[in-house]
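Here is how names work: the chains are called A, B, and so on, in the same order as the sequence lines, proteins then strands, and each is numbered from 1.
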Amino acid sequence: MNPREEAYKLLHEGILALAEVERSGIRIDLDYVQRMKLHLTRKIEKLEREFKSTKFYRRWEHTVKGKVNINSSVQLAHYLYGTLKLKTERLTTSGQYSTDEDSLLSLNIPELNNLVKIRKLRKIRDTYLEAFEQEQVNGYIHPFFNLHLVTTYRSSSDSPNLQNIPKRDEEAMQICRRAFYPRPGHQLLEVDFKGMEVSISACYTHDPTMIRYLRNTSSDMHSDMARQLFLIDQFDRTKVGHNILRQAAKNSFVFPQFYGDYYRNCAVGLCNWVQLSTRNSWKKEDGIKIDNTTIAEHLISKKINSYQSFEEHVKKIEDDFWKNRFPVYAQWKERQWNNYKKHGYIDFLTGFRCSGVMSKNEVLNAPIQGTAFHCLLWSLIQLNRKFHEECLDSRIINQIHDSMLIDLCPTELKKVISLVNHIVSEELPKTWDWIIVPMQVDMEICQVDESWAEKKELKIV
DNA sequence: GGAACTCGCCAC
DNA sequence: AAACGTGGCGAGTTCC
């Protein structure tokens, strides 16, 4: 089969499998959704009353002709930055002063805290709970999964979008995921590919250091970067403080670097993560606790005593990252970019071709992002087929780029785990010989009849 | 009254 | 020299 035929076949089989996922649907607790919506409405009204009783709000009212809409960022920007002549660092894409959460908080106006809170609650109520209620049929929602909309040949989801349900914000996560249940007597099982995009980037670039990190389970890229970024001599991932540094390195340096970000944004992100100022000078007692001291005191002892010197330090590490740690990856980036400039398209390992006007970062990210999803899609097709062949009661009910959600019949747990592991770790690399690093999954599970909010890590026995 | 836009914010 | 990739969607707003 030629590459394009193979790519087509994946989409064809993929959309048929996803149609079954759509038809299965996911069970929701409609009664809960309606009660929670009312509860949120009452909370929002209370916060609005409080806000409207402040001097800050009355001044706002007096400055405009018509009625104030406190939910309008345009009106708010006009008041804050026009009338009151305040300023923020952050600008919107069209160059206006921003009224996003960070900007509002940076103004240090206590009355605005209520506005931020109102926004969060409205988002939960109107974007999520409201959509679930609108879209449900007999207690099930049937989100669409599209394979024809994303330029990188990833998927998208709508009506409702089941690929952006809150996860990181604990309150939003609890409220939204509490709406989802397995079928009666079943469990929800979530299967995630481990570091999929990093693995796929190794397949494209063949960077030997990257490959070593992925094949050798005792090495850990994020720990190494944390050690280097924060100058820790004895790094120990099991210590709470050190693990925060690792999370910081992972989410504010390693991933952004691979997406095409640069040292300045990374330095700011790292400081936010460890609670150090990016404006004022550092004091010994600043920042998170680490090894019986603070991160500020530790860095000061290493002659990094301000944001400015930390930023220079991060710049050097960025240089080292691409020149010394991952030079082969860096060479691939240039080859890939030159190749696109020459031909006007990029080819994926999965047979897809992306053409059109693209920036450098788009050109470098598209094949990795798309191909990662194709590994998920191929696995989903196989798993769905197995569920049929073996007449299992479990079914796939959601898919989020590198993960699947399964409505699991409890007696089939062991069977499903072994099917998933076999497909992902053995059949997948056999099908695509360009997969040169191990493919693995992490799993999380909820107990019988528990909601999606209750999921816990599943330890393989 | 709908299309198209901006803004903000949720996911990977 | 420049500087974060892919989406969906609600609300507000403007334009036709």
Donor-acceptor side-chain pairing of A/Q163 and A/S155 below 3.5 angstrom = yes
Please work out which of the three classes, parallel, tilted or perpendicular, describes the rings of A/Y97 and A/Y81, given edges at 30° and 60°.
-> tilted
Using a cut-off of 4.0 Å on non-hydrogen atoms, how would the nucleic acid contact of A/L364 be classed: base, sugar-phosphate, or nothing?
-> nothing
Any chance the side chains of A/T54 and A/E111 put a donor and an acceptor closer than 3.5 Å?
-> no
Between A/Y329 and the options A/Y213, A/Y204, A/F258, the ring pair (Phe, Tyr, Trp, His ring centres under 6.0 Å) test singles out A/F258
Just call it for A/N69: base, sugar-phosphate, or nothing, with non-hydrogen atoms closer than 4.0 Å on any strand.
-> sugar-phosphate
For A/Q257, which contact category applies under a 4.0 Å heavy-atom criterion: base, sugar-phosphate, or nothing?
-> nothing
Per-nucleotide protein contact string for nucleotides 6-12 of chain B (B base, S sugar-phosphate only, - none; heavy atom under 4.0 Å) = SSSBBSB
Pair A/W322, A/Q257: side-chain N/O donor-acceptor within cut-off below 3.5 Å = yes
Span of DNA chain C, from the first to the last nucleotide whose atoms fall under 4.0 Å of chain A heavy atoms | C/dA3 to C/dT13
Kindly state which residues belonging to residues 324-354 of chain A come within less than 4.0 angstrom of DNA chain C, counting heavy atoms of the residue only, listed by number.
-> none
What orientation do A/F352 and A/Y153 show, parallel under 30°, tilted 30 to 60°, or perpendicular over 60°?
-> tilted
Nearest-nucleotide comparison on DNA chain C, the residue closer to the 5′ end among A/S157 and A/D126 = A/S157
Does NZ or CZ of A/R154 lie under 6.0 Å from the centre of the six-membered ring of A/F373, at an angle within 45° of the ring axis?
-> no
Evaluate the side-chain proximity of A/I346 to A/V363: yes if any heavy-atom separation is below 4.5 Å, no if none is.
-> yes
In terms of ring plane angle, is the pair A/W434 and A/W432 parallel, tilted or perpendicular, where the classes change at 30° and 60°?
-> parallel
Taking the six-membered ring where the residue is Trp, are the ring centres of A/H222 and A/F255 under 6.0 Å apart?
-> yes
